[in-house]
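Have a look at the structure below before the remarks.
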Protein chains: 2
Amino acid sequence: MPSTFEVLAEPRRRQILDVLRTRECSVNDLVALVPVSQPGMSKHLKVLREAGLVQVRQDAQRRLYRLSPEPLAEVHEWLEPYREVWARRLDALERHLDDMPD
Amino acid sequence: MPSTFEVLAEPRRRQILDVLRTRECSVNDLVALVPVSQPGMSKHLKVLREAGLVQVRQDAQRRLYRLSPEPLAEVHEWLEPYREVWARRLDALERHLDDMPD
DNA sequence: CCGCAACATTCCCGATTGGTTATATTACCG
DNA sequence: CGGTAATATAACCAATCGGGAATGTTGCGG
């Protein structure tokens, strides 16, 4: 069972999420927008589903996929201590620049 | 050339970064802390180096690695629009709960 | 300048991954 | 109920990846 990080490693999966972020889509819609075959799209969507990053809703013959962003919180939280590090670095840089006469 | 996302997909590489976040380390230090052989560690460090996530400094025979968090900003920025989505969802949930009589 | 200690590289392996083609499956519509 | 549109699954392939053993490389210390 791949982690959210591994699921996001695939550029096309991120691209799929970028589309679903703005609107619900059928599989065919996504195939038209992302350069991948239909079976390939179904595979990616399965990975995204199992990671909890998308949800499906049936509409006649179509399946409408929509974003389910909760698992992204894990990534956000992993990143948090690093944000502190780079904020500290920016502070130090600013103080250093303030000390420069020119 | 792998993206930051792909580099972070590896659990052990995240583990390495977690260590380097708090202190500068030699390769041997890291081998003692992360379950991987020394050649394996050198490989991971190479990937991290080429991604700009760590920097090296030579100290006698040792090489001291330290975190270089800047590339993580890319991940942070990709995540940003999604934070808005899940913030909206939490707001909606709260409003909904406030509307419930019980 | 020799020998060791610390790392990096090479080589090889099994496993996984992403992709496509071909083939189910499913649900509507006439 | 038969056909078709939409999607999923199966089967297969090439490429990549992570891992370890063996082997280079480099820089110090005596």
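In what follows, chains are A, B, ... by sequence order, proteins preceding strands, each numbered from 1.
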Exercise for the section: Using the test side-chain contact (heavy atoms from CB on, under 4.5 Å), find all partners of Ser3(B) that sit at least two apart in sequence or belong to another chain. Expected result: Arg14(A), Phe5(B), Glu6(B)

Fill in the blank from the handout: Here the distance between atom P of dA8(C) and atom NE2 of His44(B), to the nearest Å, is 13 Å

Handout entry: Non-neighbouring partners of Thr4(A) that pass side-chain contact (heavy atoms from CB on, under 4.5 Å), sequence neighbours left out
Key = Leu8(A), Leu53(A), Pro71(A), Leu72(A), Glu74(A), Val75(A)

Exercise for the section: Determine, for nucleotides 11-16 of chain C in 5'-to-3' order, which nucleotides have protein heavy atoms under 4.0 Å from the base (write B), from only the sugar-phosphate (write S), or from neither (write -). Expected result: B-----

Fill in the blank from the handout: Residues pairing under ring-ring contact (aromatic ring centres under 6.0 Å, His included) where one sits in residues 41-73 of chain A, two or more places apart or in two chains, turn out to be none

Handout entry: Any donor-acceptor pair under 3.5 Å from Arg57(A) side chain to Leu64(A) backbone
Key = no

Exercise for the section: Pull out every residue in residues 26-34 of chain A that has a heavy atom closer than 4.0 Å to any atom of DNA chain C, ordered by number, or say none. Expected result: none

Handout entry: Check: Tyr82(B) side chain, Asp18(A) main-chain N or O, donor-acceptor pair, under 3.5 Å
Key = yes

Completion exercise
Across all chains, not counting sequence neighbours, the ring pair (Phe, Tyr, Trp, His ring centres under 6.0 Å) partners of His76(B) are Trp86(A)

Practice task
Respond yes when some side-chain nitrogen or oxygen of Tyr65(B) is under 4.0 Å from OP1 or OP2 of dA6(C), and no when none is.
Solution key: no

Exercise for the section: Measure the shortest side-chain to side-chain distance between Lys43(B) and Pro39(B) over non-hydrogen atoms and say whether it is less than 4.5 angstrom. Expected result: no

Exercise for the section: Would you check if Arg66(A) and Val54(A) make a side-chain contact, meaning some heavy-atom pair closer than 4.5 Å? Expected result: no

Practice task
Could you pull out all residues at least two apart from Arg88(A) that satisfy side-chain hydrogen bond (donor to acceptor under 3.5 Å, both in side chains)?
Solution key: none

Exercise for the section: For side-chain contact (heavy atoms from CB on, under 4.5 Å), just list the numbers for Ile16(B) and Val36(B), CA-CA rounded to whole Å, side-chain angles, deciding distance to a tenth of an Å, and then say yes or no. Expected result: CA-CA 11 Å; Ile16(B) 292 169; Val36(B) 73; 5.8 Å; no

Handout entry: Interatomic distance, Arg63(A) atom CZ to Cys25(A) atom SG [nearest 0.5 angstrom]
Key = 16.0 Å

Handout entry: First-last contacting nucleotides on DNA chain D - partner chain A, under 4.0 angstrom, heavy atom
Key = dA6(D) to dA11(D)

Fill in the blank from the handout: Whether each nucleotide of nucleotides 21-30 of chain C has a protein heavy atom under 4.0 Å at its base (B), only at its sugar-phosphate (S) or at neither (-) is summarised, 5' to 3', as BB----SS--

Exercise for the section: List for me each residue that meets side-chain contact (heavy atoms from CB on, under 4.5 Å) alongside Asn28(B), sequence neighbours excluded, and say none if there are none. Expected result: Ser26(B)

Fill in the blank from the handout: Ordered by number, residues from residues 6-23 of chain B within less than 4.0 Å of DNA chain C (heavy atoms) are none

Fill in the blank from the handout: So, with a heavy-atom separation below 4.0 Å from DNA chain C, the residues of residues 49-57 of chain A are none

Practice task
For the pair Arg95(A) and Asp98(A), find out whether any cationic side-chain nitrogen is under 4.0 Å from an anionic carboxylate oxygen.
Solution key: no

